[in-house]
Amino acid sequence: MEQRTVLLTLFDGLQSLDVAGPLEVFAGAELYVPGSYRIRTASVDGGPVRTSSGLALVPDGPLADTADPHTLLVPGGQGSRDPDPRLVEWLRVHGPRAPRLVSVCTGAVPLARAGLLDGRRVTTHWAYCEQLAREHPAVRVDPDPIFVRDGHVATSAGVTAGIDLALALVEEDLGRETALAVARQLVVFLRRPGNQAQFSAQLAAQTARREPLRDVQQWITEHPDGDLGVEALAARATLSPRHFARAFQAETGTTPGRYVDRVRLEHARRLLEDTTDGVEQVARASGYGTPEAMRRAFLRTLGTSPAEYRRRFRPAPVT
């Protein structure tokens, strides 16, 4: 069996969970399948680093003394947003030699500065996607998924998304049984695929400033199967439909119709993932009315049917 070396780069100001999360996943897989991974950590000069939370980490040695790994992982955190030029230069030279390049959160920034993400579809923490795209126009930044695979390059969103990505890599290397065993040990679900959104419909839209509009947002969330037409929502906010539609978009950044669509889709996804309700029951509970209407919404937005979504994303029962 091939033993894969996993190298985690360390630097001052990194987010400790960006390192600890993936490290525990790979270490758990090594315990389950001995000889599968050799995990190493290294900093530019081999000295200890201090994370953004103040935790001190001691690497195995300097990057210069490290053999080229199979999987090269760069974590995020404050220190990655304006990375050490020495780290960037090391990545520029050694990154192309790694069969697998991985970043967690804003660890994508050092990789981008090293020119390793040009022409690639990537993601990072949603709060830094726009900046990454602006500073590196050759990189195709997708702000929505929790992680993205593009060839041998894998990038993920913030913090816990690094665990999801690491589990996906373990599943690729060693199979679903091993990945599921590690997920159980860490008490996390092996369930979040890369194209899951980084945040919910409620977080994707801004919260309205005015209380009547905030109340309407909450009502939509709690009643996805209700009458959510503009006229009904406007009446609840005691505004005319035209005034309501204008005010809602101005204060939330999206139209009432798009907001309702997001909430209903998210509600349906949760039911498909977390319950055994039939597709027809899920469609009614989510406000679609008919399974066909829900199916069209899923195909339009997710590119898959509700039945296929459930098959792929509902966690396997623990035995």
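Heavy-atom basis, side chains included; hydrogens, waters and symmetry copies ignored.
- Residues R113 and D84 are not paired through a salt bridge, judged by the lack of any N-O separation under 4.0 Å between the basic side chain and the carboxylate.
- Under a 3.5 Å cut-off, the side chain of T221 and the backbone N or O of Q217 do form a donor-acceptor pair.
- Ion pairing of E292 with R296 is present here, as a side-chain N (NZ or NE/NH1/NH2) and a carboxylate O approach within less than 4.0 Å.
- Within 6.0 Å of CD on E130 lie no more than 12 heavy atoms contributed by other residues, nucleotides or ligands.
- Residue W90 holds its CH2 atom at 5.0 Å from CG of L63, rounded to the nearest 0.5 Å.
- Using a distance-only test at 3.5 Å, with no hydrogens or angles considered, no donor-acceptor pair links the side chain of T155 to the main chain of A108.
- In the displayed structure, Q185 atom CD is contacted under 6.0 Å by at most 12 heavy atoms of other residues, nucleotides or ligands.
- Clustering ILVMFWY residues whenever any of their side-chain heavy atoms sit less than 4.5 angstrom apart, transitively, puts V104 in a cluster other than the one holding V88.
- In this structure the side chain of D118 reaches within 4.5 angstrom of the side chain of V139, judged on heavy atoms.
- Within the 4.5 Å cutoff, side-chain heavy atoms of V74 are placed close to those of L91.
- The shortest distance between side-chain heavy atoms of L167 and V182 falls below 4.5 Å.
- In the hydrophobic clustering of this structure, L117 does not group with Y128; members are Ile, Leu, Val, Met, Phe, Trp, Tyr whose side-chain heavy atoms approach within less than 4.5 Å, directly or through other members.
- Counting all heavy atoms, side chain and backbone alike, C129 lies closest to T123 at SG-OG1, 4.3 Å.
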Please report the C-alpha distance between R121 and D142 in whole Å, then the side-chain angles of each, then the deciding distance to 0.1 Å, and finally whether the salt bridge (Lys or Arg N to Asp or Glu O under 4.0 Å) criterion is met. CA-CA 7 Å; R121 175 174 169 260; D142 188 340; 2.9 Å; yes
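- Within the model, atoms OH of Y37 and OG1 of T71 stand 7.0 Å from one another, a figure rounded to the nearest 0.5 Å.
- A side-chain N or O of S53 and one of T51 form a donor-acceptor pair less than 3.5 Å apart.
- Note that CG of D18 and CD1 of I163 are 9.5 Å apart. Values are rounded to the nearest 0.5 Å.
- A donor-acceptor pair under 3.5 Å is absent between the side-chain atoms of D227 and the main chain of A232, judged by distance alone.
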Using the rule given for side chain to side chain contact (heavy atoms under 4.5 Å, CB included), can you reason through R100 versus L169, listing the C-alpha separation, both sets of side-chain angles and the distance that settles it, and then say yes or no? CA-CA 10 Å; R100 191 158 63 194; L169 297 177; 3.9 Å; yes
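- When atom types are taken as modelled, the side chain of S36 and the backbone of V33 share a donor-acceptor pair closer than 3.5 angstrom.
- T301 places no side-chain N or O within donor-acceptor distance of the main-chain N or O of F298, the cut-off being under 3.5 Å.
- Annotation: side chain of F147 is in contact with side chain of D164 (closest heavy-atom distance under 4.5 Å).
- Residues L165 and R149 are in side-chain contact: their nearest non-hydrogen atoms beyond the backbone lie under 4.5 Å apart.
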Residues F11, S43; criterion side chain to side chain contact (heavy atoms under 4.5 Å, CB included); working and verdict: CA-CA 6 Å; F11 46 83; S43 64; over 6 Å; no
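- Between the side chain of R120 and the backbone N or O of D150, at least one donor-acceptor pair lies under 3.5 Å.
- Side chains of H70 and T5: no donor on one and acceptor on the other come within 3.5 Å.
- A donor-acceptor pair under 3.5 Å is formed between the side chain of T290 and the backbone N or O of A293.
- Of the inter-residue distances, the one linking L233 atom CG with I220 atom CD1 reads 5.0 Å to the nearest 0.5 angstrom.
- A donor-acceptor contact closer than 3.5 angstrom is absent between the side chains of T106 and T124.
- Shortest non-hydrogen contact noted between M294 and A283 is SD-CA, 3.8 Å.
- For the pair H223 (side chain) and D225 (backbone), a donor-acceptor distance under 3.5 Å is absent.
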Go through the steps for R210 and E251 under the test side chain to side chain contact (heavy atoms under 4.5 Å, CB included), then give the verdict. CA-CA 8 Å; R210 283 181 279 180; E251 296 197 18; 2.6 Å; yes
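- Neither side chain, R264 nor Y288, offers a donor N or O lying under 3.5 Å from an acceptor on the other.
- Criterion: ILVMFWY side-chain heavy atoms under 4.5 Å apart, direct or through other members. Under it, V19 and L55 are part of a common hydrophobic cluster.
- Side-chain contact between R4 and D173 is present, with at least one heavy-atom pair separated by less than 4.5 Å.
- Using a cutoff of 4.0 Å between basic side-chain nitrogens and carboxylate oxygens, R311 and E308 are scored as salt-bridged.
- Across all non-hydrogen atoms, the minimal contact from P212 to A237 is CB-O, 4.0 Å.
- Separating the CG atom in D45 from the CG atom in L87 is a distance of 11.5 Å, to the nearest 0.5 Å.
- Looking at heavy atoms from C-beta onward, R295 lies in side-chain contact with P306 at the 4.5 angstrom threshold.
- At a cut-off of 3.5 Å, with distance as the only test, a side-chain donor of E177 or Y32 sits close to an acceptor on the other residue.
- The number of heavy atoms from other shown groups lying within 6.0 Å of CZ (R97) is above 12.
- Heavy-atom neighbours of E2 CD from other residues, nucleotides or ligands within 6.0 Å: above the threshold of 12.
- Here the closest non-hydrogen pair linking A157 and P145 is CB-O, 4.2 Å.
- Between L23 and I39 the shortest side-chain heavy-atom distance falls below 4.5 Å.
- Atom CD of E30 is separated from atom CG of L174 by 9.5 Å, given to the nearest 0.5 angstrom.
- Panel note: side chain T41, backbone L8; no donor-acceptor pair is recorded below 3.5 Å.
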Quick one, R310 with D277, criterion salt bridge (Lys or Arg N to Asp or Glu O under 4.0 Å). Give me CA distance, side-chain angles, the key distance, then yes/no. CA-CA 11 Å; R310 166 170 276 170; D277 295 347; over 6 Å; no
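- Residues A161 and I146 come closest through the heavy atom pair CB-O, 3.5 Å.
- V282 and L299 are members of different hydrophobic clusters when ILVMFWY side chains are connected at heavy-atom separations under 4.5 Å.
- A285 and P224 make their closest contact through O-CG, 3.7 Å (heavy atoms, listed as atom of the first residue, atom of the second, distance).
- Of the charged side-chain nitrogens involved, at least one lies within less than 4.0 Å of a carboxylate oxygen, so that E89 and R92 count as a salt-bridged pair.
- One hydrophobic cluster holds both V230 and V263 under the rule that ILVMFWY side chains link at heavy-atom gaps under 4.5 Å.
- Aromatic ring orientation, F248 versus F244: tilted (interplanar angle from 30° to 60°).
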Working note: T9 + L14, criterion side chain to side chain contact (heavy atoms under 4.5 Å, CB included); need CA distance, chi angles, decisive distance, verdict. CA-CA 10 Å; T9 60; L14 65 82; over 6 Å; no
